[in-house]
Amino acid sequence: MTDPRLLLRALPPVDRVLEEKPLPAMLTEYPRTLVVEAVQQVLESYRSRLLEENGGLTARDLAPSALAPLVARRLTRWFAPSLQPVINATGVILHTNLGRSPLPAAALGAIARAASGYCNLEYSLDHGERGSRQEHLEGLLCRLTGAEAALVVNNNAAAVFLALHVLAAGRGAIVSRSQLVEIGGSFRLPEVLKRSGAHLVEVGTTNRVYINDYEAAIDEQTAVLLKVHPSNYRIVGFTAEVDAAELAGLAHERGLFFLEDLGSGALLDLTRYNLEPEPTVPEAVAAGADLVTFSGDKLLGGPQSGIIVGRRQLVEKLRCHQLARVLRVDKLILAALEATLQIYLDEERVCREIPIWRMISAGSSQLRQRAERLAHRLEGVPGLRAVEVIPGRSRLGGGALPLQELPTYLVAISPQRGAAATLERRLRQNRPPVIGRIQQGKLLLDLRTILPGEEGLLLGALRFAAGGGE
Ligand SMILES: *Cc1c(COP(=O)(O)O)cnc(C)c1O
């Protein structure tokens, strides 16, 4: 074995590496300082490997011609997007880790129009003076929800936080113990609520809460009765909840505010789409909530945002608060949200144009057809042992309808050699990456969350993954 210290001396100087292919070409494409930095980093990593343990390196590894490709790869990576499109074959429609809702085409167009030049974000074209960014969507939101006023912030966590801070900081907010939820990504609602400055007063037990519990907890400190939608779990069996109208009645009788955090916030009657019923935003408003908060990128199918609708006087109060400035939403989001909401003006368009609603409403015979077509196209792909179409279940995800079963058909794939986990990992390494799941030694792909037009890319990805080649 070569003495590592001798090898250290064999490390070439930066200039020597720069002469090797493909670096001269890269020097015309990238600034010289960056290329030099990449060379220095590669040399440095080899130097530490040699100092530590030699790392199995030989003189050949240190040749300038062997180092140059490593430099090129490093440099390319600096310019490659870290945030990249992936193909979601998990069947989880509102997959928070995969970015929740893909946007409707109309929203993409709206983003491009708002982003590529100036726009009247905070400028009143009627008066030629400063306007409000919140005015653009308020009419639309009021129309779709029946509320008097509306405000959009960064996400629903921010919406709940702002509402509680403005209405109940330094005072009490009464909430049922059964609704103090953790939503995912370690987002614990009680923690956020406490940070708002409101004192949380928990009532009831894990499974049962009655109107009397709320009533008994009200004192001179109380400002708000709060109802939180149990998004990602259900309490079943011996249970009792107080409905929104009853809570609103009690709150108003005692001069308090009633706030409902709907989480997903459907604008449509879900039962019409064969889904379990969930309170819709218009229902929550009609039940008498003073403020209702919900997400823009869950069942609404739009961009990440938090929407607050409710009584004008309260929404005004929230809007004028300094915190509203901290949580304010960007013009691109407003543009995308407006375009998404406009689709709801014509319910016929919802399932056609909003991707998550297209996925939710996809029939199982249509999914079976797509799965069979994909399975058929996979038949000739080398490296795959078995490809079958099997029934399965898709999920809504995003903390919406956790018990809802969406019957689907899956393409189940077993590789010829090696484990399904290897196939799954290689699919993730494809460009674009494909995210599937493993069950009982098979790789499962759910066509429900695969967008139209992605099947060709998926086929290419499977060829790459099964072939084992680069
Ligand atoms: C998802 C959810 C939130 C948080 O909404 P984001 O838009 O993710 O910030 C808050 N409350 C409930 C009940 C939720 O389901």
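Remember, it's 1-based here, ligands and their atoms both numbered in the order they're listed. Note that the structure is predicted; figures quoted are calculated from it, not measured.
- Atoms of ligand 1 found under 4.0 Å from any heavy atom of Ala157 (numbered from 1 in listed order, with element): 4 (C), 5 (O), 6 (P), 9 (O).
- Listed by number with element, the atoms of ligand 1 under 4.0 angstrom from any heavy atom of His229 are 13 (C).
- With ligand atoms numbered from 1 in the order given, ligand 1 contributes 5 (O), 6 (P), 7 (O) to contacts under 4.0 Å with heavy atoms of Ser295.
- Ligand 1 has no atom lying under 4.0 Å from any heavy atom of Val160.
- Heavy-atom minimum distance, Tyr214 versus Leu225: CD2-CD2, 4.5 Å.
- Side chains of His229 and Glu278: a donor-acceptor N/O pair is present below 3.5 angstrom, by distance only.
- Defined by atom type and a distance below 3.5 Å, a donor-acceptor pair is missing between the side-chain atoms of Glu260 and Thr293.
- Paired with Ser394 under the rule side chain to side chain contact (heavy atoms under 4.5 Å, CB included), one option of Arg448, Met359, Glu405, Gln404 passes, and it is Arg448.
- Under the 3.5 Å distance criterion, with hydrogens and angles disregarded, a donor-acceptor pair is assigned to the side chains of Asp446 and Thr408.
- For atom 14 (C) of ligand 1, the nearest non-hydrogen atom from the set Lys298, Glu260, Arg100 comes from Lys298.
- The N/O atoms of Asp297, backbone and side chain alike, include none that comes under 3.5 Å of an N/O atom in ligand 1.
- Between the side chains of Arg177 and Gln179, not a single donor N or O lies within less than 3.5 Å of an accepting N or O.
- Counting the atoms of ligand 1 from 1 in the order shown, those under 4.0 Å from a heavy atom of Gly263 are 12 (C), 13 (C), 14 (C), 15 (O).
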